[in-house]
2 protein chains.
Amino acid sequence: MKDYRVLLVDDEPDILEFLGYNLKKEGYQVTLASNGHDAISLARETRPHLIILDVMMPEMDGIETCAEIRRDALLKETLIVFLTARGEDYSQIAGFEAGADDYITKPIKPKVLISRISAILRRSKAAEAEKNVMTLKEFSIDKERYVVIKDGNDILLPRKEFELLSFLASRPNRVFTRDEIFSTVWGNDVIVGDRTIDVHIRRIREKLQIANIKTIKGVGYKFET
Amino acid sequence: MKDYRVLLVDDEPDILEFLGYNLKKEGYQVTLASNGHDAISLARETRPHLIILDVMMPEMDGIETCAEIRRDALLKETLIVFLTARGEDYSQIAGFEAGADDYITKPIKPKVLISRISAILRRSKAAEAEKNVMTLKEFSIDKERYVVIKDGNDILLPRKEFELLSFLASRPNRVFTRDEIFSTVWGNDVIVGDRTIDVHIRRIREKLQIANIKTIKGVGYKFET
DNA sequence: ACGTAAAGTTAATAATTTATTAAGAAATGA
DNA sequence: TCATTTCTTAATAAATTATTAACTTTACGT
């Protein structure tokens, strides 16, 4: 499982189905939209890693949709690939201006689509890894800048809180015992009281306004997706 | 004994018999169905690990059946393999969309069937083992997330109940004496009263709504499959 | 069918674990 | 150094979980 969410936007149902099938077969989690408005609201909901956007659409075209996405704090980091008919020269220019990350020219061969997409995702993942960024659905953690980004805003956490959160989020859904947390976040030689973790957890919950950090009484804590 | 339950669905009795025989010979527990409706109700009853589904069937074809299964909370995790005639191209598309896990093209050679099936089961088992999940017929126990999953829903149990259930389920059908239970779940140094186990057992039965935990009077308890 | 020992049930209570708060110590930075 | 932030602790509150005890029901051997 590739485990990437892809939003596919085109006004032609045939293309939607055809490309959607090919992406699903490759293991992507695909959401479909047939116009720009739906695309934006679906994007807000599903937080895709990548949006494939047809340029030529009635009402709100790809360029406009793309620009709108780039303006949206929650979505502006999303990768965008344009689908464009060969010869639509103008759109390339306008498209890059609007903030596209790549282009694919119609007619589209599935193999080309797949390889371009996997390339762009790989590239962006590599870039993230290099920058030490971990992207969750509800926020991302930038270990390089030492900030948590939620809804497009930087949230600054003190070191212990940041490290504790990073640790829990490094393996979503898995329960970590207090001992595991201590030995990773504090180190084996440091001895601090039991309540220390609770207090940090409390502050993280407060600052991030999330209910994802669950307490498993008698066991430990987990970051739940 | 492979100890896997396989549901085989095809409208042609000959194929059913032929493949069924070959699977049984390999040690699979095989159930047969000759149409989509039977398949679904039998699947609900027997909770197979894997469903082998012919694509071309009258009334309710494989695609539809598969989609229905994926919609059913009780069955949606079940592995599905399609049987498809060579050249039925369209079905591959629709099939993957409906959520198949693999394909086998007719005409089917028993050796191919067996090896594909054992591969897919092995793969899924490896994935589960890695995640520390124990799958029983009526529910699974996820020790990593510390939840019991029944009919697609997470059920949260307090620690003692979770551990007691895990212990009993770790060796289905074997009777554990109260002493064995105490020394494993509580530890040898803790001394608690006789009724304590009963109360925990009662709560597990209540929360999971299962009748699988059997009392062997004068001996102990067992988790029966 | 009866008596008895084992198991089930229930509610009260004990014990444990976590959350919260405020305050002081330690570290950091201007 | 002083001010500020971060970390830890301690005390206490709150919540959850575990156990007990009293009583009822069930199952088994005779």
inquiry  = Quick check: A/F223 with A/F139 (ring centres under 6.0 Å apart)?
reply    = yes
Between [X] and [Y], does any side-chain N to carboxylate O distance fall below 4.0 Å?
| X | Y | result |
| --- | --- | --- |
| A/K160 | A/E163 | no |
| B/E68 | B/R71 | yes |
| A/D198 | A/R178 | yes |
| B/R116 | B/D102 | yes |
| A/R123 | A/D101 | no |
| A/E138 | A/R47 | no |

request  = Go through residues 213-225 of chain A and report each residue with a non-hydrogen atom lying under 4.0 Å from DNA chain D, sorted by number.
outcome  =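 A/K217 - these, ordered by number, are the residues of the stretch whose heavy atoms sit under 4.0 Å from the strand.
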key: Nucleic acid contacts of residues 159-169 of chain A, taken as heavy-atom distances under 4.0 Å to DNA chain D   = A/R159, A/K160
Can you measure [X] atom [atom1] to [N] atom [atom2] for me and round it to whole angstrom units?
| X | N | atom1 | atom2 | result |
| --- | --- | --- | --- | --- |
| B/I191 | D/dA18 | CD1 | P | 19 Å |
| A/F182 | D/dT8 | CZ | C1' | 11 Å |
| A/I201 | D/dT8 | CD1 | C1' | 15 Å |
| A/W186 | D/dT6 | CH2 | P | 15 Å |
| A/I204 | D/dC7 | CD1 | C1' | 13 Å |
| B/D198 | D/dA27 | CG | C1' | 15 Å |

request  = Check the surroundings of atom CZ in B/R174: do more than 12 heavy atoms from other residues, nucleotides or ligands lie under 6.0 Å from it?
outcome  = yes
inquiry  = Using 0.5 Å steps for rounding, measure from the CG atom of A/D38 to the CG atom of A/N35.
reply    = 4.0 Å
request  = Name the residue closer to the 5' end of DNA chain C, choosing between A/V199 and A/D194 according to the nucleotide with the nearest heavy atom.
outcome  =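 The residue mapped nearer the 5' terminus is A/D194.
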Phosphate OP1/OP2 of D/dT8 contacted by A/H200 side-chain N/O (<4.0 Å) = yes
query = Is the phosphate of D/dA18, meaning OP1 or OP2, less than 4.0 Å from a side-chain N or O of B/T196?
reply = no
request  = Ignoring hydrogens and angles, state whether a donor on the side chain of B/N173 or B/T225 is under 3.5 Å from an acceptor on the partner side chain.
outcome  = yes
message = Regarding A/Y221 and A/E180, do their side chains bring together a donor and an acceptor under 3.5 Å, going by distance alone?
response =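 No - no donor-acceptor pair under 3.5 Å links their side chains.
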5' to 3' contact window, DNA chain C with chain A (heavy-atom distance under 4.0 Å) = C/dT17 to C/dT21
request  = Could you tell me whether A/R203 contacts a base, only the sugar-phosphate backbone, or nothing, with contacts defined as non-hydrogen atoms closer than 4.0 Å?
outcome  = base
